[in-house]
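A short worksheet on the structure shown next.
Remember, predicted model here, so these are calculated numbers, not experimental data. This chain uses plain numbering: 1 for the first residue, then up along the sequence.
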Amino acid sequence: MIKIMIVDDMPIFLEYLRGCIDWNSYGFEICCEARDGKEALEKIEEFYPDVVLTDITMPYINGLELAERITSDYPDISVILITGNNEFEYARKAVKIGVCDYIVKPFEKEELILSLLKLHDNIGKAVETQIIQDGEAEKELDEELKTVIYAGNNDKDVLAGIEKHLFPKKEVGSAYLLALFRFDTAGYTKGRTDAREKLMNWENLIAKLLGDMLELEGSFRIFHDFENNIVVLMDFDSDTALDNYKGYEFTDIIQVVKSQLEISSSVAIEKAAGLGDIKKAYERCLSFLSQKGYGQLWDLRKSNDEKGYASLDAIIRLNKDIETLQADDAEFVISTLWTRLHEESVDGKVSISDMNLLTSAISILMTNIISSGFSIERIYGEGFSPEKFMADAKSSEEMRDNVIYLYKKRIEFEKGKRESKTHSTAQAAKQYIEENYGNNELSISDISEKLCVNQTYLRKMFKSETDMTLTEYITQLRMQEAKRLITSTDYKLTEVAERVGYNDVSYFSNVFKKFYGISPRSMGKE
């Protein structure tokens, strides 16, 4: 859990912060509270939080003074200031002394959650604690829903079974609303290392945020499509409630995600007469968003545009080809679609439909690679960028061939990696940590790069295999070795700290005390 200290001299605001968020569900815990900066400094030694969330105006030691002391004496602790509008300039100055972020009152709780998660490696820690995982039965249902939105299903018994599981109180014959929440993947990943993996983590967290925000007269189900876009299926208690729904929550989260994370997104919503009709609704939303910019909510319920998404029927087949290692069939699917679409283009130029097909095919492939735990660079080479790879193509046919190449390369790589790798990867990670824990710059990304697996998979796999997070394992090794050195050698405390990977002896002492319950100096005297 990510430990948070909240500091404010107003009991009512402390109470609000305590109760406004389901902290544990996002991987946080409030480890302590303080009424002023002086009390906060006293409690830091005892609780050593990961983040201090503090007001500015307080007696004895104010928030700015507190922030300056923390950033100087405890560089590994992050500070977020909560300010009033009249204190905005103070907050701007605070950023210069090392404060990580500031939030201006009044604020939405979603702003605070995203602000906390984007600090350092907090999003990685949230994944590491596996807070966003459904049970196997829920995952199977999500897979069934993916099949329905992509391929459709005319089996009334199958649809009735899914519907009963999803919405047991649903009225027979009543309609749904489907919302598709799409992110600007190309804009976010441009020039950023491991950006696709990070974006996928954010998309999962944003889906959870959205689930906490949605307020409607009925119920809903949130899942992801094969590109990891967020899909929301909403069932309303009445037709009137459905017709009156405006989707203000979607507008709010588009703005919050843009301001806090600099990720652009858009949402389209469409009505579906029944579960068997949601493929058509999803098709219209996807087609519409593929041709529009980002930054707003689009309500298609009153639109007469009937254009479908040309590549939709092939997406499940391409995913199946990856799973079954059918490179030839993947080439056939892409070539057949390309030919059909290209015949409809003007003067042989790449049409919007062509580009939609290419963009989706590549996005689906990259999402599949990351979800499988592999490194994109491991498969395609260091510095590989799918956007640049496609942009370098000299003709539309070369673009098509490039997509086919990417699929074939992925499938060839999978053929060589089909043996179970969870245990061997965990052992390799442990070995690497044991050989390098004395390096004070050791990070999860170092281990990920060394083992050629992505960080998200590495964290989840290590936790499932060892019942311990990577961070916990590194700390345990360091503390065990530190105890051995303290009790069996004459090394000074500074040298012990350096040997086990800490260049700050004060921080090392705090970690040691938290781990063993006594200070390293006290243990050395025994």
Is it the case that the side chains of K258 and S265 hold a donor-acceptor pair, with the cut-off being a distance below 3.5 Å and no angle test?
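Distance-only check fails for S265 and K258.
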With no hydrogens and no angle check, just 3.5 Å: does a side-chain donor-acceptor pair link Q296 and S266?
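Per modelled atom types, Q296 and S266 side chains form no pair under 3.5 Å.
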Can you sort out the partners of [X] under side chain to side chain donor-acceptor pair (under 3.5 Å), two or more places apart, ordered by chain and number?
X: E111; answer: none
X: S115; answer: D101
X: E449; answer: none

One pair to check against side chain to side chain donor-acceptor pair (under 3.5 Å): N201 and T456. What are the steps and the verdict?
CA-CA 8 Å; N201 286 335; T456 304; 3.0 Å; yes
Flag if over 12 foreign heavy atoms under 6.0 Å of [atom1], [X]:
X: E65; atom1: CD; answer: yes
X: E15; atom1: CD; answer: no
X: K38; atom1: NZ; answer: no
X: M468; atom1: CE; answer: yes
X: K514; atom1: NZ; answer: yes
X: Y248; atom1: OH; answer: no

Can you give me the closest heavy-atom contact between [X] and [Y], atom names plus distance?
X: I322; Y: N368; value: CG2-OD1, 3.5 Å
X: L209; Y: L114; value: CD1-CD2, 3.6 Å
X: I80; Y: L119; value: CD1-CD1, 3.7 Å
X: R196; Y: S363; value: NH1-CA, 4.3 Å
X: I370; Y: N454; value: O-ND2, 2.8 Å
X: I362; Y: P386; value: CG2-CB, 3.8 Å

Applying side chain to side chain contact (heavy atoms under 4.5 Å, CB included) to L116 and I2, what does each step give before you reach the verdict?
CA-CA 9 Å; L116 288 165; I2 299 160; over 6 Å; no
Would you call the rings of [X] and [Y] parallel, tilted or perpendicular, where under 30° means parallel and over 60° means perpendicular?
X: F183; Y: F181; value: parallel
X: F13; Y: F107; value: perpendicular
X: F28; Y: W23; value: perpendicular

Any sub-3.5 Å donor-acceptor pair from [X]'s side-chain atoms to [Y]'s backbone N or O?
X: Q476; Y: E472; answer: no
X: E249; Y: E215; answer: yes
X: D50; Y: K3; answer: yes
X: N228; Y: H224; answer: no
X: N439; Y: N436; answer: no
X: Y491; Y: A497; answer: no
X: S25; Y: D22; answer: yes
X: Q455; Y: S448; answer: no

Are the side chains of [X] and [Y] in touch, meaning some heavy atoms are under 4.5 Å apart?
X: T251; Y: Q255; value: yes
X: R35; Y: D8; value: no
X: I162; Y: L145; value: yes
X: N62; Y: T57; value: no
X: F512; Y: I486; value: yes
X: L442; Y: R478; value: yes
X: Y294; Y: I254; value: no
X: E108; Y: D252; value: no

Working to the nearest 0.5 angstrom, can you tell me the gap between [X] [atom1] and [Y] [atom2]?
X: I474; Y: Y432; atom1: CD1; atom2: OH; value: 10.0 Å
X: I433; Y: I447; atom1: CD1; atom2: CD1; value: 4.0 Å
X: L493; Y: Y502; atom1: CG; atom2: OH; value: 12.5 Å
X: L53; Y: I6; atom1: CG; atom2: CD1; value: 7.0 Å
X: E68; Y: L64; atom1: CD; atom2: CG; value: 8.5 Å
X: I56; Y: I82; atom1: CD1; atom2: CD1; value: 10.0 Å

Give me the one residue out of D184, I206, T185 that meets side-chain contact (heavy atoms from CB on, under 4.5 Å) with L199.
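When D184, I206, T185 are each tested with L199, the side-chain contact (heavy atoms from CB on, under 4.5 Å) holds only for T185.
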Between T471 and T469, is the side chain to side chain donor-acceptor pair (under 3.5 Å) condition met? List the steps.
CA-CA 5 Å; T471 304; T469 69; 4.7 Å; no
List the steps and the verdict of salt bridge (charged side-chain N to carboxylate O under 4.0 Å, His left out) for E412 and K409.
CA-CA 5 Å; E412 287 170 8; K409 189 79 172 175; 5.2 Å; no
As a quick check of understanding, evaluate salt bridge (charged side-chain N to carboxylate O under 4.0 Å, His left out) for R221 and D235, giving each step before the final call.
CA-CA 9 Å; R221 175 79 178 196; D235 174 43; over 6 Å; no
May I have the step-by-step check of side chain to side chain contact (heavy atoms under 4.5 Å, CB included) for H165 and L141, ending in yes or no?
CA-CA 9 Å; H165 190 151; L141 184 57; 3.9 Å; yes
Aromatic contact between F462 and Y473, with the criterion being ring centroids under 6.0 Å apart: yes or no?
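Yes - the distance between ring centres of F462 and Y473 falls below the 6.0 Å cut-off.
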Between Y507 and Y74, is the ring centre distance below 6.0 Å?
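No, the ring centres sit 6.0 Å or more apart.
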Can K208 be said to sit on top of Y26's aromatic six-ring, NZ or CZ under 6.0 Å from centre and within 45° of the ring axis?
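Positive - K208 is close enough to the ring of Y26 and near enough to its axis.
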Side-chain ion pair, K43 and E46, N-O less than 4.0 Å
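So K43 does not pair with E46 through a salt bridge.
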Answer yes when E323 and R410 have at least one side-chain N-carboxylate O distance shorter than 4.0 Å, and no when they do not.
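Salt bridge: no.
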Run the side chain to side chain donor-acceptor pair (under 3.5 Å) test on E227 and T367 for me, step by step, so that the C-alpha distance in whole Å, both residues' side-chain angles and the decisive distance to 0.1 Å come before the verdict.
CA-CA 6 Å; E227 295 180 66; T367 300; over 6 Å; no
